[in-house]
Each structure stands twice: as C-alpha cells, then as structure tokens.
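Lettering follows sequence order; numbering is per chain, from 1.
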Amino acid sequence: MSHVKMQGSIVVVGVGPAGIAAAWAAAEAGGDVLMVDNGAAAGGQIWRGGKALDRLSTKWLRRLERAKGIRRVGALVVSAEADRKLLLAETAEGGSVGVRYEKLILATGARERFLPFAGWTLPGVVGAGGLQALVKSGLDVRGKRVVLAGSGPLLLAVADLLREREATVVLIAEQARMAAIMRFGMKLASAPAKLIQAVVLKARLATVPYLTGCWVERAEGAERLKSVMLNQGGRRWRVECDYLGTGFGLIPNMELAGLLGCETGPGGVVVDARQRTSVEGVYCAGEAAGIGGVDKSLAEGEIAGWAAAGQEDTARALEGVRAKQLGFAAALGEAFGLREELKGLVTAETVVCRCEDVRMGALEGMEDWREAKLQTRCGMGRCQGRVCGGALEFLKGWTPAVVKPPVFPARVATMVAEDEV
Amino acid sequence: MDERFEIRIDGRTYEVERGTTVAAALLNAGVTRFHDAPGGEPRAPLCGMGICFECMVRINGEEGCLACQTVCRRGMEVVTR
Amino acid sequence: MNAPDIIVVGAGIVGAACALELARGGARVSVYDRGIVAGGASAAGMGHVCVMDDSEAQFQLTRYSLELWAEMSPEMPAAAEHVYCGTLWVAADEEEMAEARRKAEFYLPRGTPAELLDEKQLAAAEPNLRKGLAGGLLLPADSVLYQPAVAWWMLNEAKKLGATVHVNQPVESIEDDGLHMGDGTVVAAGRVVNAAGAWAARLTRNTPVKPKKGHLMITERAAEFVRHEVIELGYIKSAHSGATEAVAFNVAPRPAGQVLIGSCRQLGVWDAAIDRKILNKMLRRAIEYMPGLAGLRGIRSWTGFRAATEDSLPLIGPCEGYERVWLATGHEGLGITTATGTAKVLAAQMLGRECGIPVAPYLPSRRVAGHG
Ligand SMILES: Cc1cc2nc3c(=O)[nH]c(=O)nc-3n(C[C@H](O)[C@H](O)[C@H](O)COP(=O)(O)OP(=O)(O)OC[C@H]3O[C@@H](n4cnc5c(N)ncnc54)[C@H](O)[C@@H]3O)c2cc1C
Ligand SMILES: Cc1cc2nc3c(=O)[nH]c(=O)nc-3n(C[C@H](O)[C@H](O)[C@H](O)COP(=O)(O)OP(=O)(O)OC[C@H]3O[C@@H](n4cnc5c(N)ncnc54)[C@H](O)[C@@H]3O)c2cc1C
Ligand code: FES
C-alpha cells in the first residue's frame, strides 16, 4: 500500500466552516497551509458536499477556492505523534499519509449525541444530522414519512431539508420545554444568529407540528422501523413512519486533541482567546472547542488562522465577535439542556453499546467508564465509545477515559509508516 | 462523465447517480440490514458521518468498509451482512 | 472490634485469587484497592496462561497453576473467555529450533504435552506467519482468558463467603497494625497481604519489585487470522538478555476474532503514556513475522506495569521486617498464569491449606539470604 509524505507550516484538520476560515486567514497572512479532511468536498457538516447554500457559505467556499497557498489532502487523521509533530492519515483508497506540521489547527467539528431508548437499534432509526447527511449524499426521501425527535436547532434544519426533498415530516418532537426555548429566542434577538432565526421561522411557516416537552419512548418494528411511540406530558400515541431522525445535541470531536495532549473539558477542547490549546503550537477552533454553531466556528477559525500565522493584532480584532458567539453558545446549551426524564427511557434490556451489544443492565454496579469497559466491553468496539460514551456521559455522569492511539481504527501499516528504521 | 451508472448490491444490479454514497444507494435499493450486531440483530446507518460504524459492508472484497463514507464508483461490488 | 482476619491490598488478578483462596480456607477477608477491580496490570495483560521453563521453580509454579485453572475453568462464567488455544513458539532459524527441541525435551519427561512442528506444519498451524521460518513448538495445554472478568468473578465468589471489597481506597502504607490510609486513618487487620503488583514496593519495605512497562495493541475483528497464542523464540534471547528494553513478536486471538499484538518490556519506566517509539518497534516486529497484520486495523493501544524481581520469580510469603505482613507480588509477565498457584502457595503458609508444590522457592526471604 502506498504512503505519501506531506508537510505544511500550518496544517488544518477539518474543512468545515472553522477549518475553512482558519486556512483562509492563515493563507491571507502568507502562510503555507495544508488542509486535511476525510470528506471529499469542503464544507463540513453544515455545507456538506461543498454545495453553496446561502450567502455565507458562498462567500467562504469562494474564499477557499481562490486563496493562494492552500493545499488540500483528502484523508482521515487516524493518529498523531506530538513529539514528532506528525499526523498519520488514511485515504479512502487505503493509502496512508504522513503530515508534518509546524503549527496545527484542529477544526474537527462535532458529532451528534444519541440517547438509547427501546428500539433505537432498528434500521430506520437514524441520527437527525445523520439523515441530513444521507439525504445530501443521495438518499431519496420522496414520499417517506419521517419523525424527527431529540433536541436542538439541528432538528429544524433537518426538517427543512427533508421538506425540500419532498419527504413528509410528520412532526418534530423537541424534549426541551417551550418556556426554555422562548427564553432562548429572546436572547437571540441580540445575538447575530442567522441559523436559528431562519430555520425556526421556516419550520413554523411550513405547518410541521413542533412539539416541545415531547420525546420518542420506543421505536417499533421487526426487522426495520414501522412506528414510534411518542410521549408528551404523559400523553402517549403511536405514529407510523419510515425514518426516525434522532439526536440530542452535539458533542465536540476532541479525540485528536486529547491524543496530542491538549487539555479538554466537558464542553470542548480548552482554548484561550487566540484559540491556543494547552499544547504549544496547537490551536483548536469551531465546534471542537465548544458547541456554538456556524458563526462561532467561522469567528474562531479566523482567529486561529491569524494567530497561527503570527498576526496577533488581526486576531485580537475579532475578540468581540467571538465573545458574542460564546454568549450565544451558552444560551443554546441552557435552552436545550437534557431533561432527567430521558434517563427513564433506558431499561435493563436496552442496548447501550451498539458495537458490542452491551445492555444497560450489564452496567449495573460498575464504578466508572473504565470499569464498564473492562468488565462489559462497553465502548470497546470499533466506534471506540463515540456513541455510547456520549449517552453514558448523560445517563451515568461518566467521563471518557484517556485517549490512546489510534483515534480511529487504523491499519497497522499506517501506524508505522513514518518510522525511521 | 456519465451522471448515472451501475453498481452491484448483493449480486443484483442497481443504477445510481454519481456522487451517491454507498449507504444512500443501499437504502434507496431497499436494503435495511447492512451488517449484524454481535447478538445477530440487523443494523443500518446511524450517524451518516463515519462515527458509529453501523454502516459496515464489504466493498470490492474488502470487509468493514463504511458505506456512508464511500462514494459509489462504476461497477462497485457491495455485499451486506 | 470486628477487624478482618486478613486484608488483601490490591484487587488485581493476584489479589483476587488470593482473596478467594483465603476465603475458601475460612478466613474473614477484606480487599482494598485504590482504584477499580483489575485496573492495574491486570487490565493490561494479554491473558495468556502458559507453562514456562526458565527455572525449575518457574516451571513448577506455572504447571501447577495450569492444573488449578483447569479445575476452576468449569466454574468460571462465560465472560472469563477461557479458551484452550495452545501456545505456538515460533523458531525463525536453526538456533531457535534447537531451543524448541530443548524445551520439548524439558517438558515431555515432566508430563507436559509438547509437539515439535517443522516448517510445513508450522505454516499449516498458522497460515499468516511469513514463509521460511524453521519450525516451532506447540504447547496444546496452554490457554488464554480474559483476566478482568476472572478477577471480578473471583471477588464475587469471595464475597459469597463473606469477603468485602473496597474500591477507590488508596492505601498509604502497610504496617503490622493494618492499613494506613491516605486520610490518616488506620484500618486494623489480623494480617495484611501486599498484592499491589508493581506498586507493592511503595507500601512495604523489603519488597524488591520494579516496574516493567509493556504495551499492547488490539485490532478489529479478523476471523481466524491467528489461532494460537504465538510467540517468537527469539523472545527468550531478548527477554533475558539483561537489556532494559526488549521487543518480541507475540500475538494472541481474542474469542471474537480481534488480534492482540505484543510485546515489549521497559524496565524501570513508570510513565503510563504510550511510547510510540517502542510501540512502533513492537508493531514492526509483528509485521515481520505476520506480514498480513499490516493490513489489519488497530483499534486501541495501552500500557501496563508488570512487577519485576531480580530472579524473575514472584515473592509469596512473609514480608521481611514485619510480623503480620505478607507479600504476593513480583509476578512480572506471568501474574495471570500464576495467580491460581500463588493463591495456593500463600494460603498454605497463612492458613495451613494444602499446596501441590513446595513453597520455599517463592519465599521473599530467599532474596535477603541470597544477598547475605
Ligand atoms: C451531523 C451534523 C449536522 C449538522 N447540520 C447542521 C445544519 O444543518 N445547520 C447548522 O447550522 N449546523 C449544523 N450542524 C452544526 C455544525 O457542526 C456547525 O454549524 C458547523 O458546521 C461547525 O463547523 P466546524 O468547522 O466547527 O465543524 P464541522 O463542520 O463539523 O467540520 C469538521 C470537519 O472536520 C473533519 N474531521 C473531523 N475529524 C477528522 C479527522 N480525524 N481527520 C480528518 N478530518 C476530520 C470532518 O470530516 C468535518 O469535515 C451540524 C452538526 C452535525 C454534527
Ligand atoms: C502488556 C502486558 C502483557 C501481559 N501479558 C500477560 C500474559 O499474557 N500472561 C500472564 O500471565 N501475565 C501477563 N502479564 C503480567 C500480568 O498482567 C501481571 O503479572 C498481573 O496482572 C499482576 O497482577 P497483580 O494482581 O499482581 O497486579 P495488578 O493487576 O497490577 O494489581 C495491583 C493492584 O494494586 C492496586 N494498588 C496499587 N497501589 C495501591 C495502593 N497504594 N493502595 C491500594 N491499592 C493499590 C492497584 O490499583 C492494582 O489494582 C502482562 C503484563 C503486561 C503489562
Ligand atoms: S453511518 Fe455511522 S459510520 Fe456510517
């Protein structure tokens, strides 16, 4: 299998909004920039597929396209060695890439948080953002009945896309209380958050029922999803559907930062006002440094790009924008905080770790995440606890263990590809 | 380049649009069981973004490929379970 | 006062086995660990249960332990994943083949089954080994198990006999009056067993164990890639050459098809972080022997600390300089294997239980005597 060696004075991991803004700024400042991302096209989660959606995305995708001094490589970073300032990545074709950096900007984004409930492993139960991604990559949902359930503004964005693609969005079940969301809406008036405003309005206009304080209790079907049982304030009813899109907010992708030794907290990779992590020369921007939406990602990305390229003043000028976005992020987290009742959806029989088929009952009596891993294999599968870890953080208050290489399953050949023999 | 071409899913031929991921193509073709959980239950895509490993299939002879992260190519041979 | 007869410090596989054996012998037992059950070296080990012949005493302890595992196996839960896959020692060249023959000649007269394999038989036994190896030695009575689950089960069995288990309880030091805890309190006990593995020397004096760090990596599921616990015979040279750092080809199958890749040893190293230099060296050695490993995906790597002694034999018996403190540590790379035998050797001394082998070679006092 082939191995390619690359290097850049500023290397950016992730070609979502944060990565794009970082690379652009660093290149504007004259830096030699190399971007690494596993997605085929630029855009990250929100601008998936590199297709321009609105003025904001058009602006940034064009900036990326026109910038001089930015190279890109399509590969998934699977491991890293801080001492050698080296990233190890794999291409879709199975080749490996070694990337040397002087400065590193991590813009690895976020993933959805999934919470287990009866039937959530049935085919047809998909992440809300997962469904969005599948639709954007060719899934035909015309005429399909879809229920969206979980929490956060993402449900609205997904509903919007589904309607555009001629699916029937039966309803949106938001677990948060209406009062909390209203309070959040008030704060929005002062925050530059195009995202929610636009989408909330659209969803309202489109007569899709948006039920708050409501959740899916059970997904039903034999070999695949047939219906879901909903619960709103004790009222239960069944709705037939082809897909259930479910997600309970986002979790920052911090594994790579953790492997490099960067300090991480429950809300994201710990950074200062210049997006510097605790490790010299390593920056983090966007959702990976804390969930907050596209505007926060763009602002932080730009700051990281300027700062990494040594343009401190330009970076400092963006401080105000960043602060505003952080306020918005905090309000977002507050409005869509997860309710205690959701913990009750899990019974002893519910599968929690999908990779290893570990049921909740097996975790009875386990002290912590590490003991659960050792004794039940929970979180020991291929996803390395990315799915059950987020669930158990909420259900049990367990924090994930120390990150050890690789951060994604990696060929042994890749691990040793850059060895000086 | 053609906008549509054929791939094979479990021995049967399907037409897909260029740019479609294997996961989307399989779902469009009515496949619900991508692989089996250790306990034997059917499993299908969850995250759509390369995180959950629930969309694992065999592609051109290689086991354990992520269908949601792989774009269909002409003549591709996909095997589920 | 209701002080337990015996407190075991350390809830690793050795401490758990001792606790169970002592409880079965009628003692009121308490187990204390600063962390979780099997969270030390016992979380890291490969789970290989094997007979070894570096010395007569080592052979006695391993062989006896294998018998005890075989007796215990039917009692153990499925989670113990005890599988008799056998060990395959691989000889790369004629020199190593001579070592294979020497081993066979050692084992066979002592009643331990052993089978020499030529080049062809070796290839048939493990098709993923590279071509051109000289041959090997198959030890069919060796097995692998999942020691964290075994330790858990052992402690549960001990609890059924009245034992208590206290996790997340860091012990500061062990004295004749009991455990001196981090918060200044003393937990009284009739006698105390220091089974704190590589950390044992921090709790009692006259406990000559040093850490020997190891790394392992596990791959994704790959059905039938490896069938036996496979180890290169070059391991003999490297592990005992006196060098402070050694790497050897060593792979093992997990029941669900994952492959464990080892092994390496770094004497005197206490840093738990992955040392990518030695990890990579270990992986490259493995690829040399099994080229197909290069194409498998590694899922995770980790480290652990073995408790090394100067003569590679464990310390099982009264701790020098104390009246009521005992040691069960120093098992180096064989603590999973010899946990069962260790428990018998200890209980024989503490409770007068029967034991199938002489205890003298493992007494901590052997060292003090040796040092004159
Ligand atoms: C599934 C999902 C759907 C979303 N949909 C919307 C939406 O419709 N509207 C909206 O406003 N917000 C949406 N969001 C929120 C979204 O995360 C932000 O609005 C915005 O995209 C964040 O930008 P970012 O650059 O910080 O991260 P992302 O856009 O997530 O970009 C991170 C990039 O890093 C790459 N990456 C991560 N790890 C590695 C690695 N190890 N190696 C190589 N590349 C790597 C990823 O592939 C990705 O391309 C969604 C989030 C998720 C998780
Ligand atoms: C990489 C690797 C591979 C191995 N492979 C094998 C193999 O295949 N076969 C084999 O037989 N052996 C193997 N070994 C060796 C084996 O793992 C050990 O010999 C065995 O686990 C030792 O068990 P133990 O209970 O003595 O120690 P540990 O499991 O280390 O237990 C000691 C316990 O003491 C506790 N402790 C420490 N300090 C304190 C304190 N101050 N207060 C309270 N509690 C404390 C710790 O928390 C720990 O739980 C391997 C070791 C390594 C590192
Ligand atoms: S659907 Fe989760 S990895 Fe493909």
Side-chain angles (χ1 to χ4, degrees), chain A residues 1 3 76 78-84 86 88 90 94-96 98 255 258-261 355-358 362 365-377 379-386 398 401-421, chain C residues 11 33 35-39 42-44 77 79 81 146-153 156 165 167-168 215-222 251 254-256 258-259 261 272-277 279-288 290-303:
Chain A
M1 249 164 282
H3 180 71
L76 176 70
V78 291
S79 195
E81 295 174 3
D83 59 341
R84 287 201 284 175
L86 170 69
L88 293 163
E90 286 185 357
S96 56
E255 287 76 13
L259 180 61
L260 287 162
C355 296
E356 298 290 327
D357 257 350
V358 181
M366 296 296 139
E367 284 287 316
D368 56 19
W369 177 230
R370 187 155 176 261
E371 184 157 278
K373 283 177 98 169
L374 273 178
Q375 295 298 339
T376 72
R377 304 200 45 73
M380 294 283 243
R382 298 181 55 149
C383 94
Q384 298 166 310
R386 283 178 170 84
W398 289 349
V402 187
V403 185
K404 303 245 167 89
V407 287
F408 279 104
R411 286 199 176 74
V412 178
T414 304
M415 301 293 295
V416 300
E418 289 267 330
D419 260 29
E420 60 283 309
V421 183
Chain C
D33 198 292
I36 56 172
V37 170
S42 302
E81 298 179 334
Y146 184 60
Q147 71 279 354
V150 174
W152 184 273
W153 169 77
N156 264 345
V165 178
V167 293
N168 297 321
H215 286 69
L216 279 186
M217 177 170 268
I218 191 164
T219 71
E220 64 186 348
R221 291 171 192 207
V251 292
R254 294 275 299 128
Q258 300 97 326
V259 181
I261 308 176
I274 297 284
D275 174 345
R276 57 106 189 146
K277 279 190 190 139
L279 175 71
N280 288 3
K281 207 167 159 186
M282 183 183 101
L283 295 176
R284 273 187 276 118
R285 186 77 179 167
I287 293 171
E288 259 174 52
M290 283 196 166
L293 277 176
L296 294 191
R297 293 189 184 90
I299 296 191
R300 206 175 308 110
S301 56
W302 62 86
T303 62

- [ ] Flag the pair Phe408(A) / Arg297(C) as yes when at least one side-chain heavy-atom distance between them is below 4.5 Å, and no otherwise.
- [x] no
Task: Side-chain heavy-atom pair Arg300(C), Pro409(A) within 4.5 angstrom cut-off - done: no
TODO: Measure the shortest side-chain to side-chain distance between Arg382(A) and Arg221(C) over non-hydrogen atoms and say whether it is less than 4.5 angstrom.
DONE: no
Task: Verdict with reasoning, Glu81(A) to Asn280(C), per side-chain contact (heavy atoms from CB on, under 4.5 Å) - done: CA-CA 11 Å; Glu81(A) 295 174 3; Asn280(C) 288 3; 3.6 Å; yes
Task: Heavy-atom closest contact (Ser301(C) atom, Pro405(A) atom, distance) - done: OG-O, 2.6 Å
TODO: Rounded to the nearest 0.5 Å, what's the gap from CZ on Arg411(A) to CG on Leu296(C)? Could you check?
DONE: 9.5 Å
Task: Flag side-chain contact, heavy atom, 4.5 Å: Met415(A) against Arg276(C) - done: no
Open item on the list: With a 6.0 Å cut-off (strictly less than), is the heavy-atom count around NZ of Lys281(C), excluding the residue itself, greater than 12?
Closed with: no
Task: Closest-packed option against chain C by number of heavy-atom pairs under 4.5 Å, given Glu367(A), Gln375(A), Arg377(A), Lys404(A) - done: Gln375(A)
Task: Closest non-hydrogen atom pair between Leu374(A) and Ala43(C), with its separation - done: CD1-CB, 3.6 Å
- [ ] Find the distance between CG (Asp368(A)) and CG (Asn168(C)) and round it off to the nearest 0.5 Å.
- [x] 7.0 Å
Open item on the list: Is there a side-chain contact (heavy atoms from CB on, under 4.5 Å) between Val37(C) and Glu371(A)? Walk through the geometry before answering.
Closed with: CA-CA 7 Å; Val37(C) 170; Glu371(A) 184 157 278; 4.1 Å; yes
